[in-house]
2 protein chains.
Amino acid sequence: MPRDPSKTRRKLIAAADALFYNQGIRAVGVDAIALNAGVTKRTLYYHFRTKDELIAAYLDGRDQPTLGRYQALIPEAKEPAALKVQRVFEHLSKSCQDRQWRGCSFLRAAAEFANLPGHPTRLIAARHKKRFESWLENILRADGIAGAPDLARQIMILFDGAVAQILIHRDPGYASSAAAAAASLISSKRQKRKSGRSAR
Amino acid sequence: MPRDPSKTRRKLIAAADALFYNQGIRAVGVDAIALNAGVTKRTLYYHFRTKDELIAAYLDGRDQPTLGRYQALIPEAKEPAALKVQRVFEHLSKSCQDRQWRGCSFLRAAAEFANLPGHPTRLIAARHKKRFESWLENILRADGIAGAPDLARQIMILFDGAVAQILIHRDPGYASSAAAAAASLISSKRQKRKSGRSAR
DNA sequence: GTCTATATGCCGATAGAC
DNA sequence: GTCTATCGGCATATAGAC
């Protein structure tokens, strides 16, 4: 009946997204997803060959929007990298206080499928984290910071580490601690700027 | 037939440990655990009222040994804290290269039960991480480092962040990056030592 | 493309014998 | 304390009608 053949598909992914992110992937059955999408299980299996395929579509659908929310925080190009990175941690600090926050969907998916290195989910999760790290690296390089790749890795570690601690303790304070650590690491590196008049 | 009534219980926990850590908690059924322990499901339910109770026993059984392995790395009290912390990250770097390594059981359990804040698993995971953080704090304070609580939190964040990244990318290099970041943070703090002749 | 109905097996948990 | 046997339900996935 619907004119757009992909509308049902999108509804299924939306239902899967809500349930998977809230409860975990293995904890949710296809019955619940079909019910939540307002279709039958048979229709779900018309649009997705297996549950794994739906899982992959769920995670893939989160890749760009997740990174995009962080990219939207820092539209200006001329700010110091340190300030931009602080905004990233501030955003984490706010969003983790949402009652619906359940940590990082990519990390949680990788944790659920820790024994399946070739699972589609693992590839999507790894790709997403690499994209995030590369984005951080670009921010640092745009500010002429030496050793941007190493520093981007360390900030990435601080970010996911903070997410993990907040998930465990339900304490947003870990976002501030991570932010302070990132600021300290960046200011250490700034003393070794490649080019730049203010190399202290 | 066995004289020690708790022997079966221990076998069940050992079987659960191997399966839960390797595959994830929700991915493993009680049938598989009973089979692996060499008893029937009915016996499992004689020793544990529910699967949740077995899960709790599994995680609880990992608490002290996990922390103990790190404590065993640094028996001497007179070393600089920075060196002790490096040993912690070096141990991670080595152990994560084991083919059976699947990241942190506590973090993965918390991720699986992200929507159940009151679940026994969550309490045990939070308690373990707090113990680890307190242990780090003691190491720092023993070396007279100012702001030990904040710094211990940051090292904790770096540690779990590295674990997360390694789990996702299967790249032990993140342990080295985290170690370097920790060293940098500690050396920044050392310039503000409480007491100490070498306060620069 | 979506439906009703079903296949097949595993899920956590239990009854009752010994 | 451990067994055999089984409960009702839910898991992923499919057959075939419309």
Side-chain angles (χ1 to χ4, degrees), chain A residues 1-59 108-109 112-113 115-116 118-122, chain B residues 1-60 109 112-113 115-116 118-122:
Chain A
M1 191 75 77
R3 301 189 193 151
D4 184 352
S6 70
K7 190 181 173 188
T8 301
R9 187 187 161 89
R10 278 186 274 112
K11 275 204 303 183
L12 281 162
I13 293 176
D17 185 275
L19 292 167
F20 282 156
Y21 182 67
N22 181 47
Q23 304 181 44
I25 293 172
R26 290 206 136 112
V28 174
V30 289
D31 304 72
I33 293 165
L35 187 70
N36 219 255
V39 299
T40 62
K41 220 172 2 177
R42 192 64 186 84
T43 299
L44 185 155
Y45 278 102
Y46 173 82
H47 290 280
F48 301 94
R49 268 195 24 233
T50 61
K51 184 186 178 183
D52 271 1
E53 211 170 281
L54 178 54
I55 295 167
Y58 148 67
L59 259 201
R108 282 175 59 208
E112 280 202 72
F113 297 99
N115 63 325
L116 304 173
H119 195 280
T121 296
R122 299 287 303 274
Chain B
M1 191 78 74
R3 301 188 194 152
D4 184 352
S6 69
K7 190 180 171 188
T8 301
R9 186 186 161 90
R10 278 187 274 112
K11 276 203 303 182
L12 281 162
I13 293 176
D17 184 275
L19 292 166
F20 282 157
Y21 181 68
N22 182 46
Q23 304 180 41
I25 293 171
R26 290 206 136 110
V28 174
V30 288
D31 303 74
I33 294 166
L35 187 70
N36 219 254
V39 299
T40 62
K41 219 171 7 173
R42 193 61 187 85
T43 300
L44 185 154
Y45 278 102
Y46 173 81
H47 290 280
F48 302 93
R49 266 194 24 225
T50 61
K51 184 186 179 184
D52 271 0
E53 210 170 280
L54 177 55
I55 295 168
Y58 148 67
L59 259 201
D60 209 44
E112 279 202 73
F113 297 99
N115 62 325
L116 303 173
H119 195 279
T121 295
R122 299 287 303 275

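Keep in mind it's a predicted model, so treat the numbers as computed, not measured. A, B, ... follow the sequence lines: proteins, then strands. Residue 1 opens every chain. Computation of the quantities below employed the complete heavy-atom set of this structure, encompassing side-chain atoms and omitting hydrogens, waters and symmetry-equivalent molecules.
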In whole angstrom, what separates [X]'s [atom1] from [N]'s [atom2]?
X       : N      : atom1 : atom2 : result
A/Leu44 : C/dC3  : CG    : P     : 11 Å
B/Arg26 : C/dG12 : CZ    : P     : 11 Å
B/Leu35 : C/dC10 : CG    : C1'   : 13 Å
B/Leu54 : C/dA13 : CG    : C1'   : 14 Å
A/Glu53 : D/dA13 : CD    : P     : 10 Å
B/Lys41 : C/dC11 : NZ    : P     : 8 Å
A/Tyr45 : D/dA11 : OH    : P     : 10 Å
B/Leu19 : C/dC11 : CG    : P     : 11 Å

Problem set entry | Under 4.0 angstrom between A/Thr8 side-chain N/O and C/dT2 OP1 or OP2 | yes
Exercise. Does B/Thr43 make a side-chain N or O approach to OP1 or OP2 of D/dG1 shorter than 4.0 Å?
Worked result: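 No, outside the criterion.
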Enter the distance from [X]:[atom1] to [Y]:[atom2] here, rounded to the nearest 0.5 Å.
X       : Y       : atom1 : atom2 : result
A/Asp31 : A/Thr40 : CG    : OG1   : 11.0 Å
A/Asn22 : A/Asp17 : CG    : CG    : 10.5 Å
B/Arg26 : B/Lys51 : CZ    : NZ    : 8.0 Å

Exercise. On DNA chain C, nearest-nucleotide positions of B/Arg42 versus B/Lys51: which is more 5'?
Worked result: B/Lys51
For this session: Compare the minimum distances between each of C/dC11, D/dC3, D/dG1 and the side chain of B/Asp31, then state the nucleotide with the smallest one.
Result: C/dC11
Exercise. To the side chain of B/Thr50, which of D/dT12, D/dC3, C/dA13 is closest?
Worked result: C/dA13
Exercise. Can you check whether A/Phe48 reaches A/Ile13 side chain to side chain, under 4.5 Å on heavy atoms?
Worked result: yes
Exercise. Hey, does B/Phe20 have a side-chain heavy atom less than 4.5 Å from the side chain of B/Ile33?
Worked result: yes
Problem set entry | First encountered from the 5' end of DNA chain D, between A/Ala27 and A/Arg49 |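 Checking each residue's closest nucleotide, the 5'-ward one belongs to A/Ala27.
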